[in-house]
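Whatever order the structure lists them in is the order used to number ligands and atoms, beginning at 1.
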Amino acid sequence: MPHKIVLITGVTRGLGRAMVDEFVRRKHTVLGCGRSQKGIEQLRKQIGPPNDFAVVDVAADAEVKEWAGRLLGAYGPPDLVLNNAGVINKNARLWEVPDAEFSQVIDVNLKGMANVIRHFVPEMVKRKQGVIVNFSSGWGRATDAEVAPYCATKWGVEGLTQAFSQELPPGMAAVALNPGIINTEMLQSCFGGAASGYLSAGEWAKTAIPFLLELGPRDNGKSLTAPGG
Ligand SMILES: NC(=O)c1ccc[n+]([C@@H]2O[C@H](COP(=O)([O-])OP(=O)(O)OC[C@H]3O[C@@H](n4cnc5c(N)ncnc54)[C@H](OP(=O)(O)O)[C@@H]3O)[C@@H](O)[C@H]2O)c1
């Protein structure tokens with residue numbers, strides 16, 4: 001497998017953190033972000049250059065713009081973009097979800113994804129190369145009670161991705177990915193104790209990363225589900 005530059009949002013824990021380890025183990029270069037200063041400092045200590053980890057809130061367009069400017073200058077356009085950063089509302093009926101929490105879920109899960117696309121994809125389009133993976137969910141294709149804000153964003157990710165895929169030149173691809181059900185802090189928030197019955201992020205990454213590395217132009221516009229999850 002040729003060396004790839006892989007951009008991952010949300011690397012401080014969960015699926016993002018596990019994907020960093022698996023890509024680095026396979027000798028690819030990872031450019032990652034998260035909001036937690038502590039989480040990013042730990043990553044920098046554990047995994048050195050040329051990998052690059054930065055404190056960036058994907059919901060803040062100006063922060064993403066600055067991050068993209070620096071990384072595109074240093075590394076050129078990424079080969080693979082994993083729009084993984086996400087948040088879920090605390091389990092609650094829709095009418096009990098405060099306005100600020102609803103906005104946060106939209107701002108991170110949908111607008112954050114658009115911010116990353118806005119600032120990284122133009123350079124990828126110039127080269128007519130690269131794959132963008134937008135993290136969806138089983139809750140982007142079905143629903144349950146008490147996670148309506150999250151479902152709204154993940155159904156939105158599916159629509160955003162399909163429309164966006166129609167805008168890309170031949171040679172590129174955008175896909176929506178349901179990673180499956182994996183025992184992370186996010187799953188613990190919505191599933192409670194039952195989360196421990198599911199696969200760990202590290203186990204998931206072992207089968208998910210080879211699958212992600214194989215994605216190419218023929219997959220453009222697809223709604224996919226990761227193996228193993
Ligand atoms: N786990 C599952 O079973 C499951 C199922 C379906 C879909 N998914 C999707 O898979 C993705 C990863 O989920 P996960 O389970 O790994 O969640 P997680 O354990 O809660 O981790 C989320 C990651 O996203 C980062 N993040 C959140 N908001 C951010 C922001 N505004 N800017 C930058 N980074 C941000 C978090 O770091 P900071 O807090 O440091 O920012 C953290 O590193 C999400 O899109 C989720 O919706 C997960």
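Salt bridge Arg127/Asp79: present, at least one basic N to carboxylate O contact under 4.0 Å.
Inter-residue side-chain proximity for Lys206 and Glu22 is flagged as met; some heavy-atom pair is nearer than 4.5 Å.
Within 4.0 Å of ligand 1, protein heavy atoms come from Gly10, Val11, Thr12, Arg13, Gly14, Leu15, Gly34, Arg35, Ser36, Val56, Asp57, Val58, Asn84, Ala85, Gly86, Val87, Val108, Phe135, Ser136, Ser137, Tyr150, Lys154, Pro179, Gly180, Ile181, Ile182, Thr184, Glu185, Met186, Leu187.
With Asn115 contributing its side chain and Val58 its backbone, the two residues share a donor-acceptor pair below 3.5 Å.
Aromatic rings from Tyr150 and Trp155 are positioned such that their centres are separated by 6.0 Å or more.
There is a path of hydrophobic side-chain contacts, each under 4.5 Å, that joins Val125 to Val81.
Among the candidates Ile40, Asn84, Asn51, the single residue satisfying the side chain to side chain contact (heavy atoms under 4.5 Å, CB included) test with Val11 is Ile40.
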